[in-house]
Amino acid sequence: MKALLKQYFGYDEFRPLQEEIVNHVVKGNDCFVLMPTGGGKSLCYQLPALKLDGVTLVVSPLIALMKDQVDALKTCGVNAEFINSSLSPKQIAEIYGRTKRNLVKILYVAPERFASESFKSFLKDLKISLIAVDEAHCISEWGHDFRPDYRHLSLLKELFPATPLIALTATATNKVRDDIIGQLQLDKARIFISSFNRKNLHIRVIEKKQAFQKLLNLLQKYRRDPVIIYCYSRKETEEIAGELRSHRFKAKAYHAGLSAKDRSATQELFIKDEANIIVATIAFGMGIDKPDVRLVVHYTYPKTLEGYYQEIGRAGRDGLPSECVLFYTYADTRKHEYFIDQIKDDQSRERSREKLRDVMNFAQLSTCRKKYLLKYFGEELKEDNCGGCDICVAKKVFAGGQTPEYGGTSLKFDAAIPARKIIAATVLLENRFGKNYVIEVLLGKKIKKISGYGHDRLPVFGIVSDLSADELSQVINHLINLDYLSKSEGRYPVLSATKKGMVFLQGNEGLEMPKLDAEEKISQIIEVKIKKGGLTYNQELFDGLRVLRKELADKANVPPFVIFSNVSLQEMAHYFPGSEKDFARINGVGAMKLKQFGKIFLKVINGFVKENNLSRIEIPVKK
Ligand code: ADP
Ligand code: MG
Ligand code: ZN
């Protein structure tokens, strides 16, 4: 199997669980695969398909994706085809013919085909060696993306009782999983679940304040790389895309209000590397498998962690380090609540509220964000420091108080004094007021509500002068996280001091917390980490190869990543392979790509090496 992996896909190693799954499948067994986006599910059926003698059927819901996947397979030298409603009857008949003559190894089909008698009789004449149901959660009404056409698939086991079946998905609660297994009659299937920790994703939450300026700063680092920015409303996507264009970014808006034609044109620009920034509502993402998205921004915090996880999952499928940045402000809560309030059913409204609170908790954590996220999905993260979230990065830096990269600046500060003032105010306000009110009292705001209550005569009125409202709010969040303060649930949450908080108030302990301006520092540290996480390569050559890739892709009318991934280009711009033998060792170079593209890439690489008098680096031979 490893030889096939290299021959066709050019990869030297399997990703976690791929090898086990592939071996299980080629032995003729059923299985259910739960693996995160970007985990490499496709290979789990594509590789067995190449080993087995008949044809492999792949059921997949997204017409737009089928073409990309088939193009990618063809470029790797695999005989793949697809059948869906985008083809004419004549084209379909032609593919039927070639499949019957054993000229097609992998056949992608849309689920609604299984309702057609002519399709079913076509299948009867074939030797089907394997059936794969991709995005298998679409079969379940309990899932988030139910497709009624997937219901036809419950026939599969009856039609092909002896054919191994593999169902794959990145999202399945236990309920959805049981539903998939039940409907596809996979009762004998082995279940493979891989870790959902995407190590190459660096996640962080920043305060949504001067947000657009922060967004611009962030995007400066991604002038050429693909970026997705998720917004709250259609209007917002248009505005932000427009603003970004006026700052000379190649940004396009994408939302469900656009015509189907405009939407697919925008997707096309993105997939073909012609517009690198998509500003979208959540409607964007399902139809693309772009592997090199480097940054996913949530400009408004999302409604659910399920949605959040899926959306950030679109970053870094190629395995290279990538960044996910969430802009958080409590003020955005109102936008979500406006919609939640309109849900008629009491139970589902309450559930939506709970889910929203989970996201808010996530955004306000002072402990590892990945741990929280994984736990939410039922997985335990073993490491104490994930190394991939802002909190863990900060912890590492704050713990020593010293970071070599930043001249030993301490990023901690002692918040004991403001913390005691906050707790005292909470108590004096009889644990009956909300966070904003407590802050207004501490800052001595001259407003009616305060004087009306006579709270301007409290000793805590106006005793904070060195911190802003936002800073106080961060200290309060920290106190809530430490369980010194508790915040009630409901529409109008109030703050109250806990027992722990009272003990702290009366004692003289210190209270260290991340410095309030640490955001920028953390961002710089993550930037350095991301750079270090990848290969160091010659940027100029990389850019040149990127241009070459784009030319070849346009000529073949395929997305650039189908020719070579960024991983491959980076390796080329690091090792400078000089001969076909060396070129073949580059990750992602299989036999077909070597033959098709080897000479032309080598010419550019060798020319560049000679011109700049560079020395080549030996490419390690992988087992
Ligand atoms: P999923 O369907 O799980 O989201 P894909 O099958 O689309 O993931 O794979 C994501 C990316 O990872 C693709 O670009 C694919 O080429 C790449 N990939 C998959 N397996 C490997 C591997 N063993 N080595 C290197 N890259 C891989
Ligand atoms: Mg997939
Ligand atoms: Zn972490």
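Since the structure is predicted, the reported quantities are computational estimates derived from the model, not experimental observations. When a residue number appears, it is its place in the shown sequence, counting from 1. Computation of the quantities below employed the complete heavy-atom set of this structure, encompassing side-chain atoms and omitting hydrogens, waters and symmetry-equivalent molecules.
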Where the side chain of Arg198 meets the backbone of Gly313, is there a donor-acceptor pair that is under 3.5 Å apart? yes
Gln69 versus Tyr108, side-chain donor and acceptor atoms under 3.5 Å: yes
Main-chain N/O of Phe196 paired with Glu379 side-chain donor or acceptor, under 3.5 Å: yes
Look only at the side chain of Lys370 and the backbone of Leu201, and say whether a donor-acceptor pair between them is shorter than 3.5 Å. yes
So how far is it from Ile605 CD1 to Tyr575 OH, rounded to the nearest 0.5 Å? 13.0 Å
Between Tyr8 and Leu47, is there a side-chain heavy-atom distance shorter than 4.5 Å? no
Phe114 vs Leu123 side-chain heavy atoms within contact, under 4.5 Å: yes
On the 0 to 90° scale, with breaks at 30° and 60°, tag the Tyr308-His298 ring pair as parallel, tilted or perpendicular. tilted
From Thr266 OG1 over to Leu258 CG, what is the distance, rounded to the nearest 0.5 angstrom? 6.5 Å
Is it true that Ser195 and Asn197 share a donor-acceptor pair across their side chains at a distance under 3.5 Å? no
Note: Ala136 and Tyr150 closest approach over all heavy atoms is CA-CE2, 4.3 Å
Got a donor-acceptor contact below 3.5 angstrom from the Ser352 side chain to the Ser348 backbone? yes
Electrostatic pair Lys599-Glu580, nearest N-O below 4.0 angstrom: yes
Can you list the steps and then say if Ile83 with Leu107 is a side chain to side chain contact (heavy atoms under 4.5 Å, CB included)? CA-CA 7 Å; Ile83 296 180; Leu107 183 63; 4.0 Å; yes
Which heavy-atom pair separates Asp292 from Asn566 by the least distance, and what is that distance? CB-ND2, 3.6 Å
For the atom pair CD1 (Ile203) and CG (Leu373), what is the distance rounded to the nearest 0.5 Å? 5.5 Å
Tell me whether Lys124 contacts the main-chain N or O of Phe119 through its side chain, where contact means a donor paired with an acceptor under 3.5 Å. no
With ring-ring contact (aromatic ring centres under 6.0 Å, His included) as the rule and sequence neighbours excluded, what pairs involving residues 31-89 come up? none
Assess Arg101 against Tyr96: is NZ or CZ under 6.0 Å from the centre of the six-membered ring, and within 45 degrees of the ring's axis? no
Evaluate whether atom NZ of Lys581 has more than 12 neighbouring non-hydrogen atoms of other residues, nucleotides or ligands under 6.0 angstrom away. no
Assess whether salt bridge (charged side-chain N to carboxylate O under 4.0 Å, His left out) is satisfied between Glu238 and Lys235, documenting all intermediate values. CA-CA 5 Å; Glu238 300 276 1; Lys235 193 164 150 266; over 6 Å; no
Do the non-hydrogen side-chain atoms of Ile240 and Leu215 ever get within less than 4.5 Å of each other? yes
Taking Glu274 as the fixed residue, which of Arg224, Lys550, Lys252 is the one that meets the salt bridge (charged side-chain N to carboxylate O under 4.0 Å, His left out) rule? Lys550
Could you tell me whether a side-chain N or O of Lys290 sits under 3.5 Å from a main-chain N or O of Ala315, the two making a donor and an acceptor? no
Tell me the closest heavy-atom pair linking Arg546 and Asp225, and the distance in Å. NH1-OD1, 3.6 Å
Less than 4.5 Å apart, any side-chain heavy atom of Val227 and any of Arg294? no
Ion pair Arg317/Asp289, N-O distance below 4.0 Å: yes
Report yes if the side chains of Lys74 and Glu81 come closer than 4.5 Å at any heavy-atom pair, otherwise no. yes
Where do Ile63 and Ser85 land on the side chain to side chain contact (heavy atoms under 4.5 Å, CB included) test, with the steps shown first? CA-CA 8 Å; Ile63 292 180; Ser85 56; 3.4 Å; yes
Hey, mind stepping through Ser88 and Gln91 against side chain to side chain donor-acceptor pair (under 3.5 Å) and telling me if it holds? CA-CA 5 Å; Ser88 68; Gln91 286 171 311; 3.3 Å; yes
The reported gap from CG in Asp145 to OG in Ser140 (rounded to nearest 0.5 angstrom) is 11.0 Å
All heavy atoms of Lys593 vs all of Cys76, minimum pair found to be CE-SG, 3.9 Å
Does one side chain, of His137 or Thr169, offer a donor that lies under 3.5 Å from an acceptor on the other? yes
Aromatic centroids of Tyr309 and Tyr376 separated by under 6.0 Å: no
Please evaluate residues Ile229 and Leu219 with respect to the criterion side chain to side chain contact (heavy atoms under 4.5 Å, CB included), reporting the C-alpha separation (whole Å), side-chain torsions for both, the decisive distance (0.1 Å), and the verdict. CA-CA 10 Å; Ile229 302 170; Leu219 291 176; 4.2 Å; yes
Could you tell me whether the side chain of Thr56 reaches within less than 4.5 Å of the side chain of Ser129, counting heavy atoms only? yes
How long is the span from the CD1 atom in Ile278 to the CD atom in Gln267, to the nearest 0.5 Å? 8.0 Å
When you measure from the side chain of Asn276 to the backbone of Tyr222, do you find a donor-acceptor pair of N or O atoms at a distance under 3.5 Å? yes
Any sub-3.5 Å donor-acceptor pair from Arg113's side-chain atoms to Val59's backbone N or O? no
Looking at Glu141 and Arg151, does any basic side-chain N land under 4.0 Å from a carboxylate oxygen? yes
What verdict does the salt bridge (charged side-chain N to carboxylate O under 4.0 Å, His left out) test give for Asp273 and Lys250, after you've listed the backbone C-alpha separation in whole Å, the side-chain angles of each residue and the deciding distance to 0.1 Å? CA-CA 10 Å; Asp273 287 346; Lys250 290 188 188 145; over 6 Å; no
Within the 4.5 Å heavy-atom criterion, are Pro164 and Leu130 side-chain neighbours or not? yes
Electrostatic pair Asp179:Lys175 at N-O distance under 4.0 angstrom: no
Could you tell me whether the side chains of Glu19 and Asn23 share a donor-acceptor contact shorter than 3.5 Å? no
Report yes or no: does Asn200 contribute a side-chain atom to a donor-acceptor pair with the main-chain N or O of Leu320 at less than 3.5 Å? yes
Determine, stepwise, if the pair Arg585 / Glu571 fulfils salt bridge (charged side-chain N to carboxylate O under 4.0 Å, His left out). CA-CA 10 Å; Arg585 284 195 196 155; Glu571 287 202 359; over 6 Å; no
Side-chain contact test, heavy atoms from C-beta onward, threshold under 4.5 Å: evaluate it for His574 versus Phe542 and give yes or no. no
Let me see the working for Glu323 and Lys221 under salt bridge (charged side-chain N to carboxylate O under 4.0 Å, His left out), right down to the final yes or no. CA-CA 11 Å; Glu323 213 178 344; Lys221 296 187 278 174; 3.6 Å; yes
Is there a donor-acceptor pair closer than 3.5 Å between any side-chain N or O of Ser121 and the backbone N or O of Ser118? yes
Look at Glu94 together with Arg98 and state whether they make a salt bridge at an N to O cut-off of under 4.0 Å. yes
How long is the span from the CG atom in Leu5 to the CZ atom in Arg15, to the nearest 0.5 Å? 10.5 Å
Closest non-hydrogen atoms of Pro48 and Met1, given as atom of the first, atom of the second and distance, are N-CE, 4.2 Å
Between Asp125 and Lys100, which heavy-atom pair has the shortest distance, and what is it? OD2-CE, 3.7 Å
